[in-house]
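Note sheet for the following structure.
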Protein chains: 2
Amino acid sequence: MTSTPLSRSEAKDLTRRKLIRAALAILDEEGEAGLSTVKVARAAGIAQSSFYVHFKDMQELLRVLAEEGGERLRSSMREARRRARESPGDLGLHRETFRIPLESICRHPELLRIQIRARHDPSSSLRDFASETAAAYREHHAADLAALGYTADNERDRRRLDMIADGINAATNALAMGHLEGRYPDLDEAADILTALSRGALRLLRSTSGATRPGDEPPARP
Amino acid sequence: MTSTPLSRSEAKDLTRRKLIRAALAILDEEGEAGLSTVKVARAAGIAQSSFYVHFKDMQELLRVLAEEGGERLRSSMREARRRARESPGDLGLHRETFRIPLESICRHPELLRIQIRARHDPSSSLRDFASETAAAYREHHAADLAALGYTADNERDRRRLDMIADGINAATNALAMGHLEGRYPDLDEAADILTALSRGALRLLRSTSGATRPGDEPPARP
């Protein structure tokens with residue numbers, strides 16, 4: 001490849017990425033309190049006024065940051081669940097479906113905190129975004145549970161899958177926060193608890209819907 | 001009883017209660033955005049300046065409000081868990097242990113929202129209070145699980161009970177929020193999901209610790 005200079009749009013994209021990386025580094029080191037357009041621009045090596053060429057405000061930068069991270073995380077969670085589905089007897093693969101989100105949250109807890117606050121703040125400009133994000137995790141998780149063989153062909157079954165996904169996602173966030181607070185030092189232990197919570201709920205579906213699932217735990221057979 | 005006039009401290013206490021009730025009514029009708037010392041004082045029928053005789057600021061009023069409500073709720077949850085423990089085969093009693101917090105959250109969702117936001121906001125003055133509140137729910141729940149017969153005599157077992165309690169409490173909050181958002185219209189369905197999540201996790205404890213529990217689901221016997 002010849003080393004041609006960056007095009008205008010490539011250069012713009014590069015600066016945008018630098019700003020996102022700078023914001024993430026500041027979030028990591030100082031938390032949100034340290035986050036200002038001045039600091040982020042300085043860390044990215046551009047003038048503060050140029051910040052606004054790329055983002056309307058800091059909230060928009062955070063939204064983009066969370067969106068990109070969220071998409072990556074959701075797709076690796078789905079991939080892990082697919083692998084676990086294909087080898088239902090492998091507990092390690094099952095645990096992995098929970099280790100992935102736990103580790104991701106612990107790497108950048110600020111991102112989850114920002115979203116949780118926005119989701120529970122009627123006056124937040126990020127509230128819709130936070131609700132949509134929560135819905136994306138819930139819907140993907142519920143669809144993956146359905147793919148495990150649990151019927152989702154009536155309203156009640158769909159609602160139950162949604163509730164299980166919702167509950168498990170909330171529990172995942174809570175255990176990650178507990179890890180960060182030093183209460184649960186071992187993420188594998190936390191992943192095991194999440195696996196157990198999830199299996200308990202799925203057992204309920206198995207026993208009260210028409211679903212059959214020749215999975216890792218044998219269903220009752222006549 | 002003779003109708004003696006209120007003593008000075010009784011009158012003060014009455015005004016304090018009026019302020020708390022007024023704040024709660026405004027929270028219910030207008031959400032936090034409508035909450036100001038002017039409005040709360042007016043609704044309680046006192047001068048705005050008198051507000052500060054009773055509370056340092058609106059945050060303190062909210063803290064007192066959440067504290068009182070939280071203590072009442074925690075004690076009715078413990079009482080419901082005690083009843084469920086005494087009749088382990090009664091699924092209705094078990095469901096009740098989850099209906100109680102679900103209904104309580106749905107009655108005053110603002111209180112939970114305020115606490116969740118504070119808990120995830122490093123700059124919030126209510127953060128310590130929110131952490132302590134979450135710890136109180138978790139510890140009571142974990143103690144009640146231990147009372148079910150699950151051993152908690154080593155660090156790992158205690159941690160696992162804490163994680164289950166933590167996860168279930170977070171799931172309870174998430175399902176209550178989903179009910180408020182119209183996604184889960186039937187609180188009994190939500191309570192059944194929480195029961196199933198909880199049983200799944202307890203089954204893990206039963207299978208991997210020395211605990212024996214002749215409960216509603218027979219443990220495996222040789």
Side-chain angles (χ1 to χ4, degrees), chain A residues 30-33 109-110 112-124 131 134-135 138 155-156 159-175 177-179 181 183-186 189-208, chain B residues 30-33 109-110 112-124 131 134-135 138 155-156 159-175 177-179 181 183-186 189-208:
Chain A
E30 308 175 39
E32 297 152 61
E110 292 86 355
L112 178 64
R113 283 206 293 261
I114 290 167
Q115 286 184 60
I116 290 179
R117 290 209 308 274
R119 184 143 164 58
H120 296 93
D121 183 355
S123 70
S124 167
S131 293
R138 183 175 67 240
E155 275 302 311
R156 190 192 69 150
R159 229 171 18 237
R160 299 210 296 185
L161 290 178
D162 276 349
M163 285 191 275
I164 293 172
D166 219 354
I168 295 291
N169 289 345
T172 305
N173 295 345
L175 296 198
M177 290 296 165
H179 175 73
E181 289 168 9
R183 286 181 281 113
Y184 315 133
D186 184 344
E189 276 185 8
D192 283 344
I193 294 291
L194 293 168
T195 304
L197 288 169
S198 172
R199 288 189 175 191
L202 293 176
R203 198 177 279 106
L204 169 80
L205 294 195
R206 205 149 43 211
S207 65
T208 60
Chain B
E30 309 175 38
E32 295 151 62
E110 291 86 356
L112 178 64
R113 282 206 292 259
I114 290 166
Q115 286 183 58
I116 289 179
R117 289 209 308 272
R119 185 143 164 57
H120 296 94
D121 183 354
S123 70
S124 167
S131 293
R138 184 175 64 240
E155 275 301 312
R156 189 191 70 148
R159 227 168 23 232
R160 300 210 298 182
L161 289 178
D162 276 349
M163 286 191 275
I164 292 171
D166 219 355
I168 296 289
N169 289 345
T172 305
N173 295 345
L175 297 198
M177 290 296 164
H179 175 73
E181 289 168 10
R183 286 182 282 114
Y184 314 133
D186 184 343
E189 277 184 7
D192 283 344
I193 294 292
L194 294 168
T195 304
L197 288 169
S198 171
R199 289 191 176 190
L202 293 175
R203 197 176 282 107
L204 170 81
L205 295 195
R206 206 151 40 213
S207 66
T208 59

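So that the names make sense, note that chain A is the first sequence line, chain B the second, and so on, each numbered from 1. Any value given below was found using the heavy atoms of this structure, including those in side chains, with hydrogens, waters and symmetry copies removed.
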Check: Which of the residues A:Ile114, A:Ile116, A:Leu202 is involved in the greatest number of heavy-atom pairs with chain B at under 4.5 angstrom?
Finding: A:Ile116
Margin query: Counting only non-hydrogen atoms closer than 4.5 Å, does B:Arg138 touch chain A with its backbone (N, CA, C, O), its side chain (CB onward), both, or neither?
Written below: side chain
Notebook entry, point to check: Is it true that B:Arg159 and A:Asp186 make a salt bridge, defined as a side-chain N closer than 4.0 Å to a carboxylate O?
Noted result: no
Checklist line | Gap separating the CG atom of B:Leu112 from the CD atom of B:Glu110, nearest 0.5 angstrom | finding: 10.0 Å
Notebook entry, point to check: Does the A:Arg117 side chain pair with the main chain of B:His120, one donor and one acceptor, at a distance under 3.5 Å?
Noted result: yes
Checklist line | Best-contacting candidate, A:Ala134, A:Ala171, A:Ser131, against chain B by heavy atom pairs under 4.5 angstrom | finding: A:Ala171
Item checked: Check: B:Ser198 side chain, B:Leu194 main-chain N or O, donor-acceptor pair, under 3.5 Å -> no
Checklist line | Note, A:Arg183 side chain near B:Met163 side chain (heavy atom, < 4.5 Å) | finding: no
Check: Using non-hydrogen atoms only, which part of B:Asp162 is less than 4.5 Å away from chain A: side chain, backbone, both, or neither?
Finding: both
Checklist line | Heavy-atom proximity to chain B below 4.5 Å, by part of A:Arg119 | finding: side chain
Note to self: Is B:Ile164 close to chain A through its backbone or its side chain, or both, or neither, when contacts mean heavy atoms under 4.5 Å?
What the structure shows: both
